[in-house]
Structure formats: structure tokens, C-alpha cells
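Order of listing sets the numbers, starting from 1, for every ligand and every atom in it. This structure is a prediction, so every number in the text was calculated from the model and none was measured.
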Amino acid sequence: MLTGKTAIVTGSTSGIGLGIARALAAQRANILLNGFGDPNEIKKLQASLASQYGVKVAYSGADMSKPDDIAGMVAQATSELGGVDILVNNAGIQFTAPVHEFPPERWDAIIAINLSAAFHATQAAIPHMRKKKWGRIINIASAHGLVGSKLKAAYVSAKHGLVGFTKVAGLELAGSGITANAICPGWVLTPMVQKQIDDIARDRKIKTKEAEISLLHEKQPSEQFVTPEQIGKLVLFLCSSGADQMTGTALPIDGGWVAE
Ligand code: NAD
């Protein structure tokens, strides 16, 4: 379905981003991976995706908190892979604390990586998409882009901001062949969420499995995790012609979280 197209997936060395990169590669898109991790592991990942799916796989270690790095990443996709057709703004971090104790530097980092990076990458990618009169901008927001939770002031603010940014990009690009949409996952069992489960287990002195059940029970009516593969499939739908007229949306995939 995506033969000859190039996708940048930020934060794709782990979790949801990696699931999305796999789904896109399986449809024959060339991929620019991004994110942190052990250089040897990343090289292996690059090689295994390339050989498994017969696509080109590049890697950029760009730090999403740095606008110059982001511009360099987009330039690299065009020079090494021939363009940017699909941009998935996925890299994100989390930190929890009450507002009155929230460290200002953590606030700044979350806003930079979870929100501003999407603006910088989108700004750099749009001219390449306009040339081809086709493009897909997909922002990985969160259920926390639609509703709040205690202790997550920066994250909830960034994700609500990302949903707002998606609406404006969708409006400005409407009719151009380029769409912008946000995906709003509920709980997905990735390293980011594992840390929160481990914190609950430690604080409440309960087993990890009990902490996992409690985390799901509190927010996600299905009491089942969403998977990176399911999010990858939603990304593929947004890249299909069936989604040509979908733009500016925020799509929950959350086991019922925001229906309550
Ligand atoms: P993760 O921690 O498994 O992966 C995060 C990825 O981002 C990693 O590849 C990491 O290296 C990269 N990253 C972090 N800081 C970076 C930086 N400064 N520059 C470049 N890359 C950086 O997390 P995940 O759960 O897969 O989260 C991916 C996205 O999905 C995030 O935006 C997150 O907010 C969102 N999300 C996650 C969940 C969930 O339950 N896991 C739910 C809703 C939304």
C-alpha cells in the first residue's frame, strides 16, 4: 500500500513508535527511525526491519527537545530516503507530581518533546508534502489529550495542546491532499507505563500484577491494554485512501476511557 513512500516516526526505538514503524514498513514504506537507546541495538533493529520488509531504514538520533536537531532529521529523511510523505510525531516523556511541586525543568522538557517537537517537525515536513500534493501528519496524543488526570499537569497540557495543533494543521491543509490527525491511546504496556506500574506497586506495597490491574481498573473500562500493533493498524488506516477526508480529528483508541 505504501511502496515508494517515506515515513518519519519519532521515538520509534521503543513502544508505540516501534509498533507504528513496523506496521508502516510491512506496507513497504521506507522508514526513518528516531529515538534514544543502545547504538548496537538500534543498528540491529534497522537491519532487521530492512531485511524483513525489503525497505530502506535510516536512523536519526535527533533530540526532539532541540529544534535544530528536528530540522536535521527532516533533511536527513529527504536526502537519504527521498522525501517525507508520512510524519508520525510520537516521541514523548512523562513525569508525575502535584502542580505545587512540579519541577519547572520537567514542565519545560515535556512541553518541548510532547508538543513543540510536533510543531517543528510538521513545519519542516509540509513543503515536502506540498510538492507531492499528498501527506499524512499523525500526532500521537493520548486520552490525556481529551480529559485530565491528577499529577500530570505538563503531560495533560502538552497532549491537549497537540490535539489543538492537529485541528489547526488540519484546517490549514484541508483540500491540499495532506491530512493531520491525532490518535489518543489509553493505556499501552510500554516502558513509559511500566514505570508508572512499578511506582504504584512500590508506593502501595503491592505486587506488580496487582498494580497493573489497579491502573487499568481506574481508567480503562475494557480492563485490557491497547497494543502498539493496534495503534499501527489505525495509523495504516489514516494513511489509506479511506481516510482522505479525515482531517483535524482526535481519535480515541482507549478501551472506553473517554466515553465515561
Ligand atoms: P516509550 O517510553 O516506550 O517510548 C518513547 C520513545 O520516545 C522512545 O523511543 C524514546 O527513545 C523516545 N524519546 C524520548 N525522549 C526523546 C527525545 N528527547 N528525542 C527523541 N526521542 C525521544 O513510550 P511509549 O509509551 O511508546 O510512548 C510513545 C508516545 O505515545 C508518547 O508520546 C506517549 O505520550 C504516547 N502515549 C503513550 C501511552 C501509553 O500508555 N504508553 C498512552 C497514550 C499516549
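L24 has its side chain within reach of V88: a pair of non-hydrogen atoms, C-beta onward, lies under 4.5 Å apart. Side-chain contact between I197 and L189 is present, with at least one heavy-atom pair separated by less than 4.5 Å. The closest side-chain heavy-atom distance from M73 to M64 is below 4.5 Å. For the pair P98/L151, a side-chain contact is recorded, criterion being any heavy-atom separation below 4.5 Å from C-beta on. The shortest side-chain heavy-atom distance between C239 and Q27 does not fall under the 4.5 Å cut-off. Inter-residue side-chain proximity for M1 and R28 is flagged as unmet; no heavy-atom pair is nearer than 4.5 Å.
Those atoms of ligand 1 with a heavy atom of N34 less than 4.0 angstrom away are 20 (C), 21 (N). Ligand 1 places these atoms under 4.0 Å from at least one heavy atom of I113: 18 (N). Listed by number with element, the atoms of ligand 1 under 4.0 Å from a non-hydrogen atom of D63 are 17 (C), 18 (N), 19 (N). For ligand 1 and G35, the ligand atoms under 4.0 Å from any heavy atom of the residue are 11 (O), 21 (N).
In terms of N/O distances under 3.5 Å, ligand 1 is not approached by W187. Close N/O approach between F36 and ligand 1 is found [any backbone or side-chain N/O within under 3.5 Å].
Comparing heavy-atom distances from atom 38 (C) of ligand 1 across I16, N90, V9 singles out I16 as nearest. The option from A91, G92, A117, A109 that lies nearest to atom 5 (C) of ligand 1, judged by heavy atoms, is G92. Among I253, I93, V193, the residue whose heavy atom sits closest to atom 14 (C) of ligand 1 is I93.
Ion pairing between K131 and D85 fails under the 4.0 Å rule for side-chain N and carboxylate O. With salt bridges taken as basic N to acidic carboxylate O contacts below 4.0 Å, one links R202 and D199.
Residues T10 and N34 have side chains that never bring a donor and an acceptor to within less than 3.5 angstrom of each other.
Here K159 has side-chain heavy atoms under 4.0 Å from ligand 1, and that is the only part of it that gets that close. When non-hydrogen atoms are compared, ligand 1 lies under 4.0 Å from neither the backbone nor the side chain of P228. Of the heavy atoms in A62, only backbone atoms (N, CA, C, O) come closer than 4.0 Å to ligand 1. With a 4.0 Å cut-off on non-hydrogen atoms, T13 touches ligand 1 through its backbone as well as its side chain. In T10, neither the side chain nor the backbone holds a heavy atom less than 4.0 Å from any atom of ligand 1.
When hydrogens are left out, the protein atom nearest atom 3 (O) of ligand 1 is S14 OG, 2.7 Å; that is the closest non-hydrogen contact.
Every heavy atom of G37 sits 4.0 Å or more from the atoms of ligand 1.
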